[in-house]
> 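Dropping the structure in here first, questions after.
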There are 2 protein chains.
Amino acid sequence: MTDGTAHIHDHEHCIDTAIARARELCGAREVKLTPIREKVLEIVWRSHKPVGAYDVLDQLARTHKAARPPTVYRALDFLMAEGLIHKIESLNAYLGCGEAGHMHESQFLICRACGTAEEIVDDALDAALDAATKRSGFTVERKVVEIAGVCARCQTL
Amino acid sequence: MTDGTAHIHDHEHCIDTAIARARELCGAREVKLTPIREKVLEIVWRSHKPVGAYDVLDQLARTHKAARPPTVYRALDFLMAEGLIHKIESLNAYLGCGEAGHMHESQFLICRACGTAEEIVDDALDAALDAATKRSGFTVERKVVEIAGVCARCQTL
DNA sequence: AGTTGAATGTTATGTTGTATCATTAGCCCA
DNA sequence: TGGGCTAATGATACAACATAACATTCAACT
Ligand SMILES: [Zn+2]
Ligand SMILES: [Zn+2]
Ligand SMILES: [Zn+2]
Ligand SMILES: [Zn+2]
């Protein structure tokens with residue numbers, strides 16, 4: 001397939017689930033998932049491809065004329081702080097988190113052919129990261145792991 | 001210490017060694033380490049902190065009035081292609097490679113207190129990365145591993 | 001000398017992200 | 001009920017990072 005979705009599925013369901021989960025979490029944490037923040041979350045979730053801030057802005061502006069870069073960056077910052085989205089540093093782009101709720105280190109497989117970024121959770125990998133830093137006496141605050149290449153699907157096309 | 005060097009050492013020696021090694025490698029590969037490229041390599045090597053492209057430009061312009069952004073980005077691209085420097089994606093900055101010559105995956109420990117980035121080579125970590133991708137049938141082309149936190153030195157200050 | 005291709009010069013523009021201050025909206029409480 | 005507080009958003013401007021496109025120069029080879 002060429003549209004970058006990892007596989008055929010009911011993607012509206014992905015989006016709805018993510019938003020419902022976000023509402024729950026924000027309610028429990030007593031932070032505000034405002035209309036703008038929710039809309040930005042929905043836009044980010046509309047694809048399984050990382051999406052740039054200015055793409056988000058273009059889409060947000062369709063329904064929210066006052067939208068400007070700070071509008072978007074504030075919403076993205078909030079969503080990242082709450083663990084609802086991640087930033088892919090090597091792409092300067094943002095992606096919905098499928099594991100929102102329990103804080104975790106994000107690790108991504110990024111396909112240059114279809115553009116998808118799959119979030120993986122690999123405890124052995126995470127342990128190896130910790131071991132590497134412990135040896136140096138380094139205190140970890142953030143781990144960026146972004147593996148670029150070609151996904152299994154794209155190799156068979 | 002506050003200047004961001006990892007430890008007290010003869011840093012001129014670091015620079016000289018890196019440039020000498022770069023000359024060797026480029027000679028052997030029959031690619032051209034031109035004056036501009038060599039100067040950019042030296043500027044990048046002047047610290048153990050990742051340095052932004054426009055910082056490089058400012059420094060390059062001192063001796064090379066015609067320098068413009070493309071001048072710098074072309075040189076940086078060349079140096080990356082030859083494995084002489086790395087880009088730190090999470091900082092949009094560039095750092096000399098201490099292991100130039102044998103191609104390798106780069107893994108960095110980035111201290112937010114002193115700004116240094118230490119390149120580590122951890123085979124167990126690299127193996128864990130490969131294992132994580134093999135399971136998914138993903139073909140790896142590039143691995144970005146950037147661990148941010150506080151280095152051992154800065155914790156004791 | 002003439003040809004060729006790589007490197008650099010030059011101008012302009014595209015892309016990503018922040019600083020700053022003004023305004024608005026929700027909430028608490030006198 | 002309405003003042004006073006804070007969080008969120010609006011609005012303008014700019015900073016920081018990166019590339020497109022085309023012209024010119026330079027070195028190497030004939
Ligand atoms: Zn989906
Ligand atoms: Zn793919
Ligand atoms: Zn040094
Ligand atoms: Zn440090």
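The figures here come from the full heavy-atom set of this structure, side chains too, leaving out hydrogens, waters and symmetry mates. Keep in mind that this is a model prediction, so the values were computed, not measured. Below, read A as the first sequence line, B as the second, and so on, with proteins coming before strands; counting in each chain starts at 1.
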> How would you list all residue pairs meeting salt bridge (Lys or Arg N to Asp or Glu O under 4.0 Å) that involve residues 109-118 of chain A, not counting sequence neighbours?
A:R112-B:E141
> Quick one: do B:E12 and B:R46 make a salt bridge, cutoff under 4.0 Å?
yes
> Looking at A:H102, I'd like to know if its NE2 atom is crowded, meaning that more than 12 non-hydrogen atoms belonging to other residues, nucleotides or ligands lie closer than 6.0 Å.
yes
> Treating primed atoms plus P, OP1 and OP2 as sugar-phosphate and everything else as base, which nucleotides of nucleotides 21-29 of chain C get B, S or - for protein heavy atoms under 4.0 Å?
---------
> Would you mind reading off the distance between B:F78 atom CZ and D:dT19 atom C1', rounded to a whole angstrom?
20 Å
> Tell me: CG of A:L60 to P of D:dA11, nearest whole Å?
13 Å
> Can you measure B:D58 atom CG to D:dA15 atom C1' for me and round it to whole angstrom units?
13 Å
> Does B:F138 belong to the same Ile/Leu/Val/Met/Phe/Trp/Tyr cluster as A:F108, with side-chain heavy atoms less than 4.5 Å apart forming each link?
no
> Using modelled atom types only, decide if a donor and an acceptor are shared between the side chain of B:R29 and the backbone of B:E82 within a distance under 3.5 Å.
yes
> Rounded to whole angstroms, how far apart are NZ on B:K65 and C1' on C:dT10?
14 Å
> Let me know the distance between CG of A:L76 and P of C:dG17, rounded to the nearest Å.
9 Å
> Could you state the atom-to-atom distance from CG of B:L79 to P of C:dA7 in whole Å?
12 Å
> Contacts to DNA chain C from residues 87-95 of chain A, heavy-atom cutoff under 4.0 Å, which residues?
A:K87, A:N92, A:Y94
> Quick one: side-chain hydrogen bond (donor to acceptor under 3.5 Å, both in side chains) partners of A:R62, sequence neighbours excluded?
none
> Are B:V72 and B:L95 connected, step by step, through hydrophobic side chains (Ile, Leu, Val, Met, Phe, Trp, Tyr) whose heavy atoms are closer than 4.5 Å?
no
> Indicate, with yes or no, if A:V31 and A:V44 share a hydrophobic cluster defined by side-chain heavy-atom contacts under 4.5 Å among Ile, Leu, Val, Met, Phe, Trp and Tyr.
yes
> Has B:Y54 got its ring stacked on the base of D:dC17, with centres under 5.5 Å and planes less than 30° apart?
yes
> Of A:V31 and B:D77, whose nearest nucleotide on DNA chain D comes first from the 5' end?
A:V31
> Whole angstroms only, please: what is the OH-C1' distance between A:Y73 and D:dC14?
14 Å
> B:I110 and B:V144: same hydrophobic cluster, using ILVMFWY side-chain contacts below 4.5 Å?
no
> How does the hydrophobic cluster around A:V150 look, that is, which other residues are in it when side-chain heavy atoms under 4.5 Å mark a link?
none
> Return the value, rounded to whole Å, for the distance between atom CG of B:D55 and atom P of D:dA16.
9 Å
> Report the relative orientation of the aromatic rings in B:H11 and B:W45; use parallel for angles under 30°, tilted for 30 to 60°, perpendicular for over 60°.
tilted
> Return the nearest nucleotide to the side chain of B:P70; candidates are C:dT10, C:dA7, D:dT12.
C:dT10
> Are B:V145 and B:L91 connected in the hydrophobic side-chain network, where two residues link if heavy atoms are under 4.5 Å apart?
no
> If you assign each of B:H64 and B:P69 to its closest nucleotide in DNA chain C, which residue comes earlier from the 5' end?
B:H64
> Kindly point out which of D:dT12, D:dA18, C:dG9 is positioned nearest to the side chain of B:A66?
C:dG9
> Taking the minimum atom-to-atom distance to the side chain of B:T71, which one of C:dT10, D:dT12, D:dT19 wins?
C:dT10
> Can you list, in residue-number order, the parts of residues 35-43 of chain B that come under 4.0 Å of DNA chain C, counting heavy atoms only?
B:I36, B:R37
